[in-house]
Asker: 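Once you've had a glance at the structure underneath, I'll fire off some questions.
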Amino acid sequence: MIKKIGIAGTAKNTGKTTATMSLISRWPSPASLAVTSIGYDGEEIDNVTNLPKPRLHLTTGSIVVTAEKCLNAGSAVLEKLEKLELQVPLGSLFICRVRRSGLVVLAGPNSKKTLEQTVACLDKYNVRVLLVDGALNRLAPMGIVDGLIIATGASRNTNIEELAQEAQAIEFLLNLPQLTIQEPALHVTNLLIERNLKVYSFADCTHSFIEFSGMVDIKPFTRLTETLSQCPSLPGLVFSNPIKLLLCGDLLKMSLLIRDYCREGGNVGVRSPLSLLSVTINPFYPLYNKANREFVKSWLDADEMWSTMSSRLKTPVVDVVRQGEDALYQLVMEAVNGKCQN
Amino acid sequence: MTVSKKVVLAPMDPVHDIGLKMIRRALNEAGHQTWLYPPDYSAQEIINAIIEHKADTVLVSRTLGYGVEELLARFVDLLDAAGLREKIRVAVGGMAIRPEFAAELGFDAGFGPGTTVEEAVAFVEGREYTLAEYATQKKRYDLTSDYHYTFHHANIKKLLDQIAGQILSWSQGKSSPGIGRALLRQAIIEENQAGKDAASLKKEYARLCDEVISNYYTKGTLHPQTRRLEKSELDALSDYLKLTNSRMRAIDLRHTRSKPAVFVQYGTGCPSLDIGHIKVAEAWGADGVVHFDPSWGARTEGFMEGYQTHQEDGSVITPENLQCIKSSLLDTTLWQVRAHRGVNTPETVVLAANAGADLTKINIVYGSLGGGTDPERLLVDGVQSIKFAAGYNMPFDVVTNEELSGVPAHKAFAGMLIVANLALQLGAQPILQPLFCNSPEVMINGYMNDNYIDFNIAKILALREIVDAPIWPGAPIGFLTQTEERVQSSVSTCLHAALAASCGVEAISIASSDEAYSGGPIAAASRVDTLKAVKESFRFLGKAKIAPTEQAAQWSQEILSGIEKVLAQVAQEGDFAQSLYKGLLGTREDGAYPGRAGRGTVYKVHA
């Protein structure tokens with residue numbers, strides 16, 4: 001069964017592609033590796049900052065999943081193995097084998113469902129691991145991966161302390177335990193705005209569990225926990241996967257609310273957990289120079305960033321550029337060899 | 001019939017919701033249900049609206065800035081997390097949106113600048129979109145069919161007929177090596193078409209050529225400035241054409257007008273490079289292309305054969321080079337091969353017609369006074385060339401480029417009208433080509449000190465007062481108003497184009513923005529400059545007109561009386577060749593010099 005490793009970022013320019021590239025470079029057997037992107041990997045220059053972007057270089061034998069218009073866009077020679085019945089803005093998706101090493105441009109499945117369908121199609125090509133490169137701050141398609149790498153850094157926030165607090169919240173939410181519900185639960189689809197709360201009778205909730213299948217935004221969730229705190233016994237809260245919690249709009253507040261809820265005796269968990277393998281950090285950020293009206297390359301103190309983040313997180317923190325390819329690779333290999341939760 | 005769709009439109013932007021409003025109107029007209037939300041709705045509120053309305057499509061718009069990508073990406077993520085992503089189609093529009101960007105953000109489609117409302121409607125309806133301007137079959141122009149060539153000025157017509165009579169009478173029983181080669185070329189083509197060996201005809205042909213050309217047929221050597229295109233180069237050209245034509249979507253420049261047709265000129269020396277320029281010009285809306293040959297081609301007797309490239313400006317005329325160019329053209333592209341000024345004029349008409357050219361260019365007067373060919377030689381060759389053009393049913397323009405040498409417009413026009421009327425007598429279809437230019441005469445007399453409009457309109461008014469004939473200002477329009485600065489050149493070109501459109505002329509020739517001052521080959525990008533500028537000027541003008549000052553009418557009358565006076569002098573002279581030598585249509589003081597190429601080569605033939 002293919003192990004799916006996602007590399008998601010908290011923002012643009014946090015080092016997703018660099019992390020992906022470090023794994024590709026270190027990978028010992030290209031034929032066992034497939035790579036795709038939930039966005040578009042191939043720009044030489046960032047379309048907002050005008051600064052250069054890292055590129056993906058694949059070696060002969062690797063498998064890639066990309067869109068039709070990207071097939072000849074890089075220097076690598078790709079052999080089409082299969083056309084998928086999936087469309088993205090750059091055309092139909094193809095599974096290809098790299099016939100001659102070189103740069104590739106990737107625009108792969110861009111939703112959770114299409115990523116699932118793609119994985120199913122990859123089964124027959126003897127792929128052991130699929131690396132799913134993220135896009136910007138997008139997380140939703142990563143809901144199906146077995147192991148997740150979160151890339152964060154100065155591009156997200158130049159305040160290292162705040163960055164560490166956010167990373168802690170992410171770690172906490174991603175590590176929520178798996179809960180299996182044995183008894184009937186109150187099923188809730190989406191809590192996007194406070195008005196959605198009226199659909200359900202939370203104040204009179206007699207269920208032992210409330211199961212959320214959709215999206216939960218921080219505002220209605222805050223109101224919900226206030227309401228539930230009035231109930232004689234706190235129902236357990238089960239989310240379909242932790243990624244949905246990361247999209248709530250305020251990670252710090254969400255982690256505090258859940259901690260408080262648990263402290264008051266509530267049980268909170270997820271139906272499908274996923275493993276956070278590593279948090280990678282990138283001290284680089286594009287600084288806007290008002291005088292020249294252009295972005296310039298800037299860096300925070302890498303040592304300070306690494307030590308602060310490492311001291312706050314249980315998850316291994318890796319600065320890919322400074323620590324080299326091996327650090328991240330070893331973590332991924334451990335996961336591939338059986339430590340992934342899925 | 002399209003199933004009615006439920007569409008949520010959300011401008012995630014404080015101001016820019018105009019596009020969505022336009023799309024909404026079109027969707028409503030097409031019978032779809034729409035909900036347009038205010039710009040201050042959050043992603044969560046929009047998604048909630050999608051759920052409430054059970055929408056199947058959502059269109060969002062947003063201008064780009066730092067952080068906006070994350071905002072849009074989060075919107076798509078929320079859709080996915082809410083379990084809606086597989087149920088609805090989602091597109092983003094905005095000034096900086098491209099397909100790559102839409103892919104990066106996770107949308108199904110991205111609509112950037114130039115997107116039409118119809119394209120967005122097609123997305124909503126889930127059907128393949130073909131841009132309207134592409135879908136509309138581009139018109140192939142016929143520049144002459146709307147004209148009856150009726151003369152409105154009786155005295156000028158009388159004088160022109162008198163002069164035509166003199167020319168036809170003078171040229172009777174005369175021939176030249178140029179005419180001999182043209183007749184042989186016709187015979188060679190016929191032999192080739194019949195699959196026969198034309199070796200003996202070519203031997204005869206070689207005897208009528210200058211040594212450098214004759215050597216091609218007798219020794220196999222080329223002109224020192226040319227070389228043969230190699231097979232690999234021709235194969236690469238073929239591949240390029242296949243790829244380019246598969247992607248080619250020719251656009252129409254004219255907005256709401258039906259004319260003018262827009263021509264560009266090419267002649268880099270290399271057929272491959274020419275074709276590259278032609279494809280760029282076609283892609284950006286040119287309706288026609290004009291072949292420029294090397295300057296030595298006008299004074300060197302005879303043409304070579306084969307695929308040849310030339311190391312300087314001007315692309316060598318050979319049967320194969322012309323066929324190569326023709327094979328590259330879109331069906332809608334008009335093709336003109338110039339034959340107007342040299343000792344190969346008759347054969348050029350023959351080759352052009354047989355290669356499939358739509359138009360040629362013949363002017364005895366300009367070729368004699370500004371083009372370097374002996375008046376007698378070009379007169380006898382010109383008459384035969386016009387006969388060939390009439391026989392091939394191939395219209396030609398009569399250019400007045402001697403204006404650029406300093407010849408006043410009325411003299412240049414008199415020469416143009418003499419050739420045009422001669423053509424009518426011989427059953428051909430002439431097109432008048434006055435210049436829209438800041439010529440030496442204009443500069444000296446200050447005709448354009450205030451504006452570029454009055455004197456150019458005066459020329460059109462004068463010609464229209466004389467004859468109902470197609471007019472094709474050139475070549476290119478705005479000559480000597482453009483500078484080395486690309487923006488200035490593009491603006492000058494497009495304003496002259498708007499003026500020409502306002503005058504209702506049939507066609508125009510335009511320069512690239514670097515044409516007048518290019519230190520080397522013209523850049524493809526500079527062709528795009530002026531084609532786009534012209535398109536924008538037509539969009540600006542629509543069916544409106546540019547009004548001249550009262551000066552235009554006065555100058556028009558002066559040009560008209562000047563033409564009449566010159567024609568009277570030429571008719572009085574009685575010998576058209578002598579009129580050219582004597583400067584009645586342009587003196588040495590004006591800057592016109594009777595040419596010397598081919599002097600003494602006219603000979604008598606027995607009937």
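We name chains A, B, ... by the order of the sequence lines, and we start the count at 1 in each one.
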Asker: Taking A:P109, A:G214, A:P89, A:A107 one by one, which has the highest count of heavy-atom pairs under 4.5 Å against chain B?
Answerer: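 Looking at each of A:P109, A:G214, A:P89, A:A107 in turn, A:P89 comes out on top.
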
Asker: Within the supplied structure, the quantity of interest is the number of heavy atoms (other residues, nucleotides, ligands) at a distance under 6.0 Å from B:M22 CE; does it exceed 12?
Answerer: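 Result for CE/B:M22: open.
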
Asker: Rounded to the nearest 0.5 Å, how far apart are CZ of A:F212 and OG of A:S240?
Answerer: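 The CZ atom of A:F212 sits 10.5 Å away from the OG atom of A:S240.
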
Asker: Return yes when atom CG of A:N72 has more than 12 non-hydrogen atoms of other residues, nucleotides or ligands closer than 6.0 Å, and no otherwise.
Answerer: no

Asker: Could you tell me the separation between the CG atom of A:N282 and the NZ atom of A:K16, rounded to the nearest 0.5 Å?
Answerer: 10.0 Å

Asker: Could you tell me if the side chain of A:D133 sits less than 4.5 Å from the side chain of A:T36, heavy atoms only?
Answerer: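 Side chain of A:T36 against side chain of A:D133, heavy atoms only: no contact under 4.5 Å found.
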
Asker: Against chain A, label B:L84 side chain, backbone, both or neither, depending on which of its atoms sit under 4.5 Å from a heavy atom there.
Answerer: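 Contact with chain A involves no heavy atom of B:L84 at all.
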
Asker: What part of A:D217 gets closer than 4.5 Å to chain B, counting heavy atoms only: side chain, backbone, both or neither?
Answerer: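 Only the side chain of A:D217 comes within 4.5 Å of chain B.
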
Asker: Counting heavy-atom pairs under 4.5 Å to chain B, which of A:N241, A:V216, A:I38, A:N196 comes out on top?
Answerer: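 Looking at each of A:N241, A:V216, A:I38, A:N196 in turn, A:N196 comes out on top.
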
Asker: Taking all non-hydrogen atoms of both residues, which atom of B:K279 and which atom of B:L330 are closest, and how far apart?
Answerer: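 Here B:K279 and B:L330 meet closest at NZ-N, 4.1 Å.
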
Asker: Counting heavy-atom pairs under 4.5 Å with chain B, which one of A:V88, A:L192, A:I243 comes out on top?
Answerer: A:L192

Asker: Given that the side chain runs from C-beta out, which part of A:T189 has a heavy atom under 4.5 Å from chain B: side chain, backbone, both or neither?
Answerer: neither

Asker: Which one of B:D108, B:V76, B:N48 has the most heavy-atom pairs closer than 4.5 Å to chain A?
Answerer: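 The answer is B:N48.
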
Asker: Any idea how B:F75 and B:F107 line up, ring-wise: parallel (<30°), tilted (30 to 60°), or perpendicular (>60°)?
Answerer: parallel

Asker: Below 4.5 Å, heavy-atom pairs only: which of B:E86, B:E45, B:R85 has the largest tally toward chain A?
Answerer: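 When all of B:E86, B:E45, B:R85 are compared, B:E86 has the most.
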
Asker: Tell me, for B:A73 versus chain A, whether the close heavy atoms (under 4.5 Å) come from the side chain, the backbone, both or neither.
Answerer: both

Asker: For B:E100, which atoms come within 4.5 Å of any heavy atom of chain A: side chain, backbone, both, or neither?
Answerer: both

